[in-house]
Number of protein chains: 2
Amino acid sequence: MKTTAYQQAFILHFGEMGSRWGINRTIGQIYALLYISPRPLNAEQITEALGISRSNTSMAMKELSAWQLVRVQHLPDDRRDYFTAPDDVWEIFRTLVAERRRREIEPTASMLRGALVAPPEQGDDAHAARKLAEMLELIELVTGWLDDVSDMDQRTATQLMKLGGGVQKLLGAGRRKKETPRA
Amino acid sequence: MKTTAYQQAFILHFGEMGSRWGINRTIGQIYALLYISPRPLNAEQITEALGISRSNTSMAMKELSAWQLVRVQHLPDDRRDYFTAPDDVWEIFRTLVAERRRREIEPTASMLRGALVAPPEQGDDAHAARKLAEMLELIELVTGWLDDVSDMDQRTATQLMKLGGGVQKLLGAGRRKKETPRA
DNA sequence: CAGTCTTTTCAGTAATTATTGAAATTATAC
DNA sequence: GTATAATTTCAATAATTACTGAAAAGACTG
């Protein structure tokens, strides 16, 4: 596997952004490589294309599998694992949202629910409990909404997003704060 | 500043989640502390409450300010800086979305735009360019939508989110994939 | 089941990120 | 101006996370 300069730029960018996205450089690069690759790649090809160790590739693939961001497939008369990223960006997006929700939000929601089972009623703890309740309410509102959007097919979701602020008209309210028409 | 066991649990959780959220433990803890505190706190109080160094507090406040997640205020006859988190969770949420967008998505969108100025038209690079274009299209759709939602007032946004999948009826489409009614 | 190919594990090391303490800077008071 | 309080900077160190190489484990072949 050799990569062109054009591909390199994209792969290196994903590597650099990796740390901001909570994944490491290797994982970012591998995902970028798979995403633009027109064919499935095996671990050896990935290792060679990125100049990393075989074991690093193995660990990264495990992590990407845990995120459900890659698929494994096999070719006839070849027992190596071949990896692909899903073709459809919308599907990738849904997976990302679901996984980030599970890892970054759900543990907190769960902790908040626990803390609110028997909320203190006096003093600063009571104030804290009210703030926790506000946070949980917002989390549940937003995650519920994300679930709903994830269940939509791409066409509907696209239509909804393009509607943008115009959705307020449909809601029948004159509460618009700022006019932001979209295509 | 002393914290109760009830407050501690929340603060420690935010510290632990910090690494998943792309901030460090100290920043997570400080934000949790400020969020539930019924009054503004100065750096010394934060330092004492969390058992960290004064310089660590200073650097963390700088970072939180960069995220626009805290406000500084002053008390009469006291020249120390007092910090608060915004009262309104909705406002905090909007800030988080805006900042994450700016740091985690915008650089990539910008790179993609650059790569698509003169997209290659042959071979694997052409395939890569098509995938880049798909990614950019999705990013622009989603970030545009986030902008629109951010511009809504809380009441409208809440109404919209509670509507959930029901929004499809308003769109006049029978393309519902799965029925998920919400309060 | 011995041999070969492939993948995984993991201890050690490298690289990165977080935290501290001391010194420097800034701001205010006298 | 000097003294004092508050905050920031930054080099050193601690802690964490990423990566490698070697060895082990697993999977298939003949």
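Order of the sequence lines sets the chain letters (A, B, ...), proteins ahead of strands, with each chain counted from 1.
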**Distance, rounded to the nearest Å, where B:N24 contributes CG and C:dT20 contributes P** = 10 Å
**Message:** Less than 4.0 angstrom between a side-chain N/O of A:T26 and OP1 or OP2 of D:dC19, yes or no?
**Reply:** yes
**Message:** We want to know whether B:T95 and B:Q68 form a side-chain donor-acceptor pair, criterion being a heavy-atom distance below 3.5 angstrom.
**Reply:** no
**B:R100 to B:W67, cation-pi by 6.0 Å centre distance and 45° axis angle** = no
**Message:** Please verify the inter-ring angle class for A:F14 with A:F10; under 30° counts as parallel, over 60° as perpendicular, anything in between as tilted.
**Reply:** tilted
**Request:** Calculate the interatomic distance between A:I46 atom CD1 and D:dT20 atom C1'; express it in whole Å.
**Result:** 17 Å
**Asked** Tell me, do A:M61 and A:L34 make a side-chain contact under 4.5 Å, heavy atoms counted?
**Response** yes
**Item:** Protein-nucleotide distance (B:I27, atom CD1; D:dT16, atom C1'), rounded to Å
**Value:** 16 Å
**Message:** Under 4.0 Å from OP1 or OP2 of D:dT20: is there any side-chain N or O of A:N56 that close?
**Reply:** yes
**Request:** Please lay out, stage by stage, how B:D125 and A:Y6 fare under the test side chain to side chain donor-acceptor pair (under 3.5 Å).
**Result:** CA-CA 7 Å; B:D125 277 358; A:Y6 191 77; over 6 Å; no
**Request:** Measure from CD1 on A:I52 to P on C:dA14 and round the result to the nearest Å.
**Result:** 19 Å
**Asked** How long is the line joining CD1 of B:I23 and P of C:dT19, in whole Å?
**Response** 11 Å
**Asked** In the 5'-to-3' direction, what one-character label does each nucleotide of nucleotides 2-8 of chain C receive under the scheme B = base within less than 4.0 Å of a protein heavy atom, S = sugar-phosphate only, - = no such atom?
**Response** --BBSSB
**Prompt:** Tell me: CG of B:D77 to P of C:dC30, nearest whole Å?
**Reply:** 10 Å
**Item:** Minimum side-chain heavy-atom gap A:M135-A:L132 below 4.5 Å
**Value:** no
**Distance test, side-chain N/O of A:R25 to OP1/OP2 of D:dC19, below 4.0 Å** = yes
